[in-house]
Amino acid sequence: MTTVGDILVIGAGPGGVAAGARLRRAGYDFLILDRGSEVGGTWRDNNYPGCACDIASSLYCFSFAPNPDWQRAYGEQPEIRDYLERTARDFDVLRSIRFNEEVKSACWDGQAWQVESTGGTYSARVLVTATGPWSAPLVPDIPGLDEFPGEVFHSARWNHDYDLAGKRVAVIGTGASSVQFLPLVQQQVENLYLFQRTAPWILPKSDYALSKFEKALYRRYPGSQKAMRNVQYGILESLSYFFRHPRAMPVLQKAALWNIRRGVKDEALRKVLTPDFVMGCRRVLLSNTYYPAVAADNVEVIPQELVRVEGDRVVGADGTSRAVDAILFGTGFHYSDPQIAAKVSDENGRTLEDLWKGSPEAYLGTSIHGYPNLFMLLGPNMGSGTGSAIAAIEAQVRYVLSALDTMRDRGWHSVDVRAGVQDDYNAEVQRAMSTTVYNPVGCTGNYIDRNGRNSTIWPWSFVRLNRRIKEFVPEEYHAVTRKESAMS
């Protein structure tokens with residue numbers, strides 16, 4: 001067994017890089033384990049054609065590591081991955097990462113976290129999970145899929161060796177990944193059949209290539225990029241108002257309806273592509289190319305769920321079937337049932353999956369009663385319908401550092417959030433959720449867990465998030481001192 005010391009972090013994506021950079025600066029001893037061979041997390045694993053961010057580049061970078069060299073207003077996958085690697089290198093995080101080690105289990109034994117990975121066993125006083133909600137691809141259980149004679153892959157496991165040219169392809173799902181890769185796939189294939197269970201709301205994307213002047217300005221005058229960051233932040237905060245006030249949402253929906261009209265001239269197809277639910281209860285997407293692509297002559301939109309595969313034919317709920325050479329899944333990830341939950345257990349062997357029973361809960365999306373010294377990044381109800389995951393990660397990392405500083409200063413060995421504090425907070429979250437667009441009756445999607453509860457979204461503004469998730473409050477936790485721990 002290897003004794004890590006203070007802190008073990010699971011994941012070297014955006015969360016792990018942010019945690020590592022801040023821990024290094026604060027002088028803490030830590031180790032990061034990652035299943036991949038390089039930094040990046042979701043931006044390493046998702047490399048499908050067209051993969052890009054729906055948050056402006058000025059916001060999708062750490063406040064402590066601004067990037068003046070973005071190529072576009074909205075960053076694309078290769079440069080986001082490169083940015084994360086460069087940040088890890090610049091903040092001396094790389095030397096504390098062990099790659100190609102997938103965590104198999106993590107158990108609190110009353111004194112420390114015992115972590116078993118594919119590379120060994122580790123012991124650490126504090127465990128930080130930075131696996132994120134986009135780490136485990138979701139592929140529906142489709143009868144007959146295993147016997148399909150053609151090619152099958154998920155957007156997060158894209159097969160770049162497979163030549164799509166001239167093929168008949170079925171695309172399953174209309175989430176963010178599909179909306180991004182479909183326009184590029186459509187240009188290569190002979191026929192594309194889109195199985196659309198639910199039409200998404202899609203707003204225009206204000207993307208463009210940054211000029212040499214803009215990049216030079218940001219490099220020479222960093223304050224100008226900070227000002228742009230603040231402008232983008234203000235825009236997203238303004239948009240979040242519509243998501244928190246459903247009666248105002250029709251105003252924003254008009255922009256999405258206009259986006260359909262400008263991209264699709266056929267009235268019947270427009271009707272098929274127009275959502276029948278309030279905008280925002282499922283993820284709102286950004287694209288200028290999706291609607292023209294699905295309106296192309298070689299694309300057929302089948303407004304049905306894929307229910308089975310028969311030989312080389314994909315079959316929809318109404319019996320519509322098409323013969324295809326390949327099936328591409330853009331069906332998202334395990335948002336509300338994070339896979340790390342089955343691997344993390346308390347002193348009695350109860351996993352988070354056992355505890356949550358399909359509805360994840362935490363205090364401030366970070367701490368969980370009964371699991372001392374465990375801190376989650378982008379945990380339950382830390383998602384945002386409008387904001388940047390990077391901003392949420394930074395808020396939580398600040399909170400974790402505040403907790404670690406408090407433990408060090410007071411001589412505490414462990415902290416465990418009080419049950420009442422966690423319960424009151426989650427009741428508050430759900431009350432707030434009930435007045436937003438995220439939780440309307442009859443709306444389903446990956447925000448909603450299998451019990452019908454929204455365990456994904458932060459229901460307030462990001463201003464409130466930064467104010468609420470700021471400093472560790474000792475009174476909210478039960479603490480065990482080092483002396484008490486040594487006696488037990």
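Note on ring orientation: taking the six-membered ring where Trp is involved, the planes of Tyr438 and Tyr447 are perpendicular (angle over 60°, cut-offs 30° and 60°). Aromatic ring pairs are classed by plane angle as parallel below 30°, tilted from 30° to 60° and perpendicular above 60°; the pair Tyr233 and Phe462 is perpendicular. Using cut-offs of 30° and 60° on the angle between ring planes, the pair Tyr399 and Tyr477 is tilted.
Between the Asp45 side chain and the Ala156 main chain, no donor and acceptor come within less than 3.5 Å of each other. Looking only at distances, no side-chain donor or acceptor of Ser336 sits under 3.5 Å from a matching main-chain atom of Ser455. Not a single donor-acceptor pair under 3.5 Å links the side chain of Asn451 to the backbone N or O of Arg453.
In the model, Ser123 has a side-chain atom that pairs as donor or acceptor with a side-chain atom of Gln114 under 3.5 Å. Side-chain contact, Ser434 with Asn439: no donor N or O sits under 3.5 Å from an acceptor N or O. A side-chain donor from one of Asn466 and Arg398 sits under 3.5 Å from a side-chain acceptor of the other. A donor-acceptor contact closer than 3.5 angstrom links the side chains of Glu151 and Asn159. Neither side chain, Asn100 nor Ser37, offers a donor N or O lying under 3.5 Å from an acceptor on the other. Between the side chains of Tyr425 and Gln430, not a single donor N or O lies within less than 3.5 Å of an accepting N or O. Residues Glu102 and Thr118 bring no donor and acceptor atom of their side chains to less than 3.5 Å of each other.
Here Lys343 does not pair with Glu116 in a salt bridge; the nearest charged N to carboxylate O distance is not below 4.0 Å. Asp423 has no carboxylate O lying under 4.0 Å from a charged side-chain N of Arg418, or vice versa, which leaves the two without a salt bridge. Salt-bridge annotation for Arg464 and Glu428: present, with a side-chain N of the basic residue lying under 4.0 Å from a carboxylate O of the acidic one. The residues Glu76 and Arg81 are annotated as not salt-bridged, no charged nitrogen and carboxylate oxygen being separated by less than 4.0 angstrom.
Annotation: Tyr122 is not in aromatic contact with Trp113 [ring centroid separation under 6.0 Å not met].
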Query - side chain to side chain contact (heavy atoms under 4.5 Å, CB included) between Leu8 and Phe30, worked out - result: CA-CA 6 Å; Leu8 189 144; Phe30 69 94; over 6 Å; no

Identify all side-chain donor-acceptor contacts of residues 377-384 below 3.5 Å with residues at least two apart in sequence or on another chain.
{"from": "Asn381", "atom 1": "ND2", "to": "Asn454", "atom 2": "O", "distance (Å)": "3.1"}
{"from": "Asn381", "atom 1": "ND2", "to": "Ile457", "atom 2": "O", "distance (Å)": "2.9"}
{"from": "Ser384", "atom 1": "OG", "to": "Thr386", "atom 2": "N", "distance (Å)": "3.1"}
{"from": "Ser384", "atom 1": "OG", "to": "Gly387", "atom 2": "N", "distance (Å)": "2.5"}

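Residues that satisfy the salt bridge (Lys or Arg N to Asp or Glu O under 4.0 Å) test with Asp405, not counting sequence neighbours, are Arg408. Listed by chain and residue number, Arg197 satisfy the side-chain contact (heavy atoms from CB on, under 4.5 Å) test with Glu305 (two or more places apart in sequence, or in another chain).
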